Amino acid sequence: MKIKELLHYTYIFPILAVGYYFSGFMGTGIVFDVIAGILLTGSVISAVHHAEVVAHKVGEPFGTIILALCITILEVALIISLMVAGGDQAITLARDTVFAAVMLILNGILGICILVGGVKYYEQFFARTSATTYLVSIVSILILTLVLPNFTSSVNGPFYNQAQLIFVSIACLVIYGIFLMVQTVRHRNYFIVPEEHPEEHYIPSFQKTVISFIFLVICLAIVVLMAKGLSSTIENMVQSLGAPKSLVGVIIAGMVLLPEGMAAIRAARSNQIQSSLNLALGSALASIGLTIPAVSVVCILYDIPLVLGLDKKDIILLSLSVFIVMLSLSRGKTNILYGTVLLVNLAAYIFTVIVP
């Protein structure tokens, strides 16, 4: 690569963000936190650019899988670090974070993608088999991890005992592993829409792809670290507004999901709704399919109680969201109504977090 290319903002922002994070200025004043917010936003935009470079090189659906897995791994690292530091006070952290991420993805990211695509193109088409494959896996893991714990009797409360936790973790990994095999090997054609002009498809060099992948990891890591660093500032802001503390988890989850959210929305604007679905539903599946097993291992090793079962209100909202997504994706084409209803569901979720 030429030196001039390395001076592009997508390389400068992550480097500045890393330097600023380790400088110790974050959390020392409102001005410094605003600067951190600007650098975080720049890193998010940079992550989207580098993810697209990698996706162009490896092709679909591998490009969207890489972005989803990177963000999920970093999300898991953030949750585990907070749980180990918080001990018994963080027993609901994994559940709340995973639930917030799933609701933001299914209603927010997917809703905006469908709405944006519908406004610009009226209808967008995708493979129904891909949506069905995603939703079968997502619904199974959601019920096993966030609903069933409320109805087991071995332990009082929304908990699994150790044997149940091990079984559910293995079940999540089996479902996600088989899904990846279906997506990348046996039925890869479900997740790909043939390009109208493949000869115009830009393929970056190997060197540029490697550099972009390294910067993608750096961008995602610094986004998570800055989100964690700004969490106390966000918490103070939420408390000053008189809102419940649970809103903090929603805001942090939103910040972590920004890179893939922006990538999915850009794909929808480019009439690539299949890529948007791969990003949104793929990240939702990875979020629950990988996070719960990883957190379970940590809780077993450190003997930390883990609350997984949702309360009745959240179960209703989750059921509504999954049902609407299933109906919206059942015909293989989208319109603005589907996106609008999903965004209304998101507004209802956030409103009931603020006003429970």
Side-chain angles (χ1 to χ4, degrees), residues 48 51-68 102-140 179-203 257 259-287 320-346:
V48 174
E52 289 178 344
V53 172
V54 174
H56 281 308
K57 182 66 175 180
V58 300
E60 288 295 340
F62 297 102
T64 52
I65 291 174
I66 289 173
L67 181 56
V102 169
M103 293 296 286
L104 288 172
I105 292 168
L106 293 183
N107 295 300
I109 296 177
L110 200 57
I112 293 174
C113 289
I114 293 175
L115 182 61
V116 167
V119 169
K120 189 171 182 180
Y121 300 102
Y122 291 88
E123 288 184 335
Q124 291 181 300
F125 300 87
F126 58 90
R128 284 186 296 175
T129 46
S130 69
T132 302
T133 307
Y134 278 119
L135 291 173
V136 164
S137 306
I138 289 172
V139 171
S140 177
F179 169 82
L180 280 184
M181 184 185 70
V182 168
Q183 186 183 25
T184 59
V185 182
R186 293 185 68 90
H187 300 287
R188 185 182 174 190
N189 58 303
Y190 288 1
F191 305 89
I192 301 173
V193 175
E195 298 181 42
E196 295 182 1
H197 305 287
E199 69 278 359
E200 298 176 3
H201 186 65
Y202 166 69
I203 300 179
L257 291 171
E260 60 188 344
M262 290 187 63
I265 294 167
R266 287 181 63 173
R269 284 178 55 85
S270 301
N271 202 21
Q272 298 173 348
I273 193 65
Q274 184 67 61
S275 294
S276 298
L277 292 180
N278 291 346
L279 276 166
L281 297 179
S283 58
L285 180 57
S287 179
L320 174 64
S321 300
V322 171
F323 185 60
I324 296 300
V325 169
M326 292 175 71
L327 290 177
S328 300
L329 303 181
S330 64
R331 299 176 61 223
K333 57 183 178 180
T334 65
N335 62 53
I336 60 173
L337 177 61
Y338 302 155
T340 302
V341 173
L342 287 172
L343 290 175
V344 170
N345 289 347
L346 176 66

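Computed from a predicted model, the values in this text were never measured in an experiment. Values below: all heavy atoms of this structure, side chains included; hydrogens, waters and symmetry mates excluded.
Two residues are said to be in side-chain contact when any heavy atoms from C-beta on lie closer than 4.5 Å; L277 and L110 meet this criterion. Looking only at side-chain heavy atoms (C-beta outward), T334 and F126 come within less than 4.5 Å of each other. Looking at heavy atoms from C-beta onward, I109 lies in side-chain contact with C113 at the 4.5 angstrom threshold. Contact check for S276 versus I273: side-chain heavy atoms found under the 4.5 Å cut-off.
S321 and N107 share a donor-acceptor pair across their side chains, judged by distance under 3.5 Å alone.
In this structure, CG on N345 lies 11.0 Å from OG1 on T340, to the nearest 0.5 angstrom. With values rounded to the nearest 0.5 angstrom, M181 atom CE is found 8.0 Å from H187 atom NE2. How far OH of Y121 is from CD1 of I336: 15.5 Å, rounded to the nearest 0.5 Å. Residue Q183 holds its CD atom at 11.5 Å from CG of N189, rounded to the nearest 0.5 Å.
Nearest heavy-atom pair, F191 versus V182, reported as atom, atom and distance to 0.1 Å: CE1-O, 4.2 Å. Looking at every heavy atom in both residues, T184 comes nearest to L180 through OG1-O, 2.6 Å. Between L329 and A131, the closest heavy-atom pair is CB-CB, 3.8 Å. Across F179 and S137, no two heavy atoms sit closer than the pair CD1-OG, 3.9 Å.
With sequence neighbours excluded, the residues satisfying side-chain hydrogen bond (donor to acceptor under 3.5 Å, both in side chains) with R331 are Y338. Partners of S330 under the side chain to side chain contact (heavy atoms under 4.5 Å, CB included) rule, at least two apart in sequence or in another chain, do not exist in this structure.
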| task | With side chain to side chain contact (heavy atoms under 4.5 Å, CB included) as the test, would you mind laying out the steps for I324 and L342 before giving the verdict? | result | CA-CA 7 Å; I324 296 300; L342 287 172; 3.7 Å; yes

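Across T133, I105, L281, a single residue satisfies side-chain contact (heavy atoms from CB on, under 4.5 Å) together with I138, and that is L281.
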